[in-house]
Amino acid sequence: MKLTAYSDKPVSFFNTICLLLAVLSLTLGMAVFYLIDFAPAFYLELFVGILFFCLPLLHRRIGIDRVILIFFVVLDAALVFYGIVLGPISEIHLLAAFLMGASDLLMTSRKTRNLFWTYVGAMVVLLELNYTFHWFKPIAFSHNSMLAIRLIVVLTGTALNGIMLYFYIKQVRTMMAELKKASEAKTKYLRETNHEIRTPLTSIMGIAEGLNEKVAQLNDSSLVTAIRKETEHLQVASLLIREIINNQLDLAKIEENQFNEVKNESFNLRECINECILMQRPIASSRKINVVLNYDAQLPEYILSDDTILSKIINNLASNALKYAAKNTVVRFNVLKAGEQIHIETHNISSLNPEQLNEIFLPFVSHANRENKSESTGLGLSITKQLVEKINGTITADASGSTTSFTLSIPLKEGHKVQEAGHVEPVKEIYQDYIILVLEDDKLNQAAFRAAIKSMGAVPYFAENGAEALELLKMITPDLIITDGKMPVMDGKNFLRALRATDNDATRYIPAIVSSGETFLQEQEEFIAAGATDFLLKPFTRKELVDMIRKYLPSIKLMKPSM
């Protein structure tokens with residue numbers, strides 16, 4: 001019977017219990033002997049008292065494993081002895097509970113612990129049978145002695161179980177503190193790596209979009225087709241990487257209870273779904289999948305819900321349906337009115353079977369096939385289920401033949417039409433007089449910003465940190481500022497604070513967009529508190545960047561009157 005090595009905390013508990021039992025044996029135990037006047041009780045208590053005083057010193061000589069075994073063998077023998085001698089007033093249940101709890105703290109071998117629990121349980125059963133059938137009669141003593149003995153036994157059992165409970169609580173608190181520390185370290189690591197990954201990914205997506213635009217200028221149609229195919233693959237890979245990063249960060253935010261509060265705002269449901277499916281167009285094109293969207297005419301145009309969370313859910317469902325569908329097939333999206341519910345269904349041809357669907361919403365469970373195994377982390381559907389529950393919805397999966405279906409159900413609450421700004425396509429003539437200052441220390445990202453801003457006709461200026469930007473602002477007055485969060489010398493937060501604290505009204509009130517990979521709400525709120533006007537999450541597409549710029553630049557620039 002081999003016990004593994006022990007840490008200092010169980011040994012500390014063992015030493016404390018030994019000293020407590022030694023004191024109890026030589027005080028309350030001797031009091032019991034005095035009340036029952038039974039010589040074996042005197043020798044037993046004397047032996048236990050001396051032995052338990054010595055046990056904490058013996059483990060250095062004979063090893064903690066042997067000392068703990070001696071401890072439990074002696075205590076169990078004492079349990080049987082007093083259970084027979086004192087009868088039912090021995091309250092063996094209290095002492096048995098202590099023995100089982102103490103063994104759980106001290107015995108790290110499950111097999112040894114289970115054997116001991118079985119042994120203690122068997123002793124309790126045998127003693128109870130003895131009380132029923134009177135195989136061994138307890139010692140006779142007066143009524144007053146019985147009350148005193150019962151009080152001593154209850155006090156002893158309560159003290160032992162109390163000290164055991166104290167160590168249990170202390171152990172749990174220590175574990176919780178360690179788990180919190182580990183969780184904070186994990187979150188910090190995710191934040192750092194998330195930012196570092198998102199920055200080059202923004203460059204990759206920008207380069208892919210830029211290549212697609214340049215390809216259109218080529219005259220060789222076969223070369224255009226070949227290059228577009230490669231850039232399409234680059235875009236698909238970028239989208240998949242972004243999805244993996246977003247899922248990991250969403251999971252971390254849910255675990256840290258830092259996910260955005262659920263909103264209840266009116267928005268256009270059809271537009272929300274269309275935009276989500278359009279985002280997955282490169283994946284559908286690369287796999288030669290035809291997407292069919294059926295929208296129920298009975299559904300209201302506007303609904304009340306959280307459009308951000310719903311977009312994440314639909315994006316995950318659409319991505320899942322397209323990634324795991326067989327090539328050259330059709331993926332169907334049905335948006336239906338079902339009583340007071342909205343049902344959003346996805347149907348695709350895949351190789352999943354009903355057994356696999358039973359665990360499809362568990363975290364880190366993936367049933368991806370060999371073709372798309374590298375694209376799956378097993379997080380998307382797990383996060384989707386948690387997000388669905390946040391908006392009081394349900395999600396189910398089903399397989400019928402070769403068709404896999406997911407059904408999302410959310411409450412139907414009719415909204416109202418919201419005033420939406422007209423979307424004007426950016427043309428160079430509209431934005432040609434605008435100046436946009438970009439704070440970005442990554443050269444590849446600078447190139448992506450430059451291409452997007454020039455495509456609008458605006459003039460980009462660049463600074464690699466906040467200090468450099470403040471110097472540049474003494475020479476130019478931009479209409480919009482876009483700043484990274486993490487930069488050398490002076491980061492985005494300190495730049496924004498300095499910008500808003502300046503006495504120059506010409507620059508003090510310039511709209512400032514933070515473009516960063518910081519996805520946690522707390523970080524974004526800190527940027528807003530520092531003076532940011534809005535937040536653009538990396539990696540972003542050129543369309544997302546242009547839409548954000550248009551949001552803060554009016555179509556007609558008000559020029560200063562000439563003197």
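For the atom pair OG (Ser405) and CZ (Arg332), the distance works out to 11.5 Å, reported to the nearest 0.5 Å. Taken from OG1 in Thr384 to CD in Glu389, the straight-line distance is 11.0 Å, to the nearest 0.5 Å. Distance CZ/Phe406 to CG/Leu317: 7.5 Å, rounded to 0.5 Å. With values rounded to the nearest 0.5 angstrom, Cys272 atom SG is found 8.5 Å from Asn268 atom CG. If you take CD1 on Ile342 and CD1 on Ile344, they are separated by 6.5 Å, rounding to the nearest 0.5 Å. If you take CG on Leu20 and CG on Asn15, they are separated by 12.5 Å, rounding to the nearest 0.5 Å.
A donor-acceptor pair under 3.5 Å links the side-chain atoms of Asn348 to the main chain of Ala321, judged by distance alone. Without hydrogens or angle criteria, Arg173 side chain to Ile169 main chain gives no donor-acceptor distance under 3.5 Å. Looking only at distances, no side-chain donor or acceptor of Arg150 sits under 3.5 Å from a matching main-chain atom of Ser90. Using modelled atom types, one side-chain atom of Ser266 and one backbone atom of His416 make a donor-acceptor pair closer than 3.5 Å. The main-chain N or O of Gly87 is found under 3.5 Å from a side-chain atom of Tyr131 such that the two form a donor-acceptor pair. No donor-acceptor pair closer than 3.5 Å links the side chain of Arg497 to the backbone N or O of Ala530. No donor-acceptor pair closer than 3.5 Å links the side chain of Asn316 to the backbone N or O of Ser319. Without hydrogens or angle criteria, Thr329 side chain to Ala325 main chain gives no donor-acceptor distance under 3.5 Å. Of the possible polar contacts, none joining the Asn130 side chain to the Leu126 backbone as a donor-acceptor pair under 3.5 Å is found.
Side-chain contact check for Tyr295 and Asn334: no donor-acceptor pair (N or O, by modelled atom type) lies under 3.5 Å. Using modelled atom types, one finds no donor on one side chain facing an acceptor on the other under 3.5 Å when comparing His343 with Thr407. Side-chain atoms of His347 and Glu345 include a donor-acceptor pair closer than 3.5 Å. Residues Ser142 and Ser145 have side chains that bring a donor and an acceptor to within less than 3.5 angstrom of each other.
In Phe81, the CZ atom is crowded: over 12 heavy atoms of neighbouring residues, nucleotides or ligands sit closer than 6.0 Å. Other residues, nucleotides and ligands place no more than 12 heavy atoms under 6.0 Å from the OH atom of Tyr34. Heavy-atom neighbours of Tyr168 OH from other residues, nucleotides or ligands within 6.0 Å: above the threshold of 12.
Annotation: Phe38 is not in aromatic contact with Phe33 [ring centroid separation under 6.0 Å not met]. Between Phe14 and Phe71, the gap from one ring centroid to the other is short of 6.0 Å.
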Go through Met100 and Asp104 one step at a time and tell me if the side chain to side chain contact (heavy atoms under 4.5 Å, CB included) criterion holds.
CA-CA 6 Å; Met100 288 184 171; Asp104 184 62; over 6 Å; no

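Taking the six-membered ring where the residue is Trp, Trp135 and Phe133 present parallel rings, their angle staying beneath 30° rather than reaching 60°.
For the pair Leu408 and Ile313, the minimum side-chain heavy-atom distance is below 4.5 Å.
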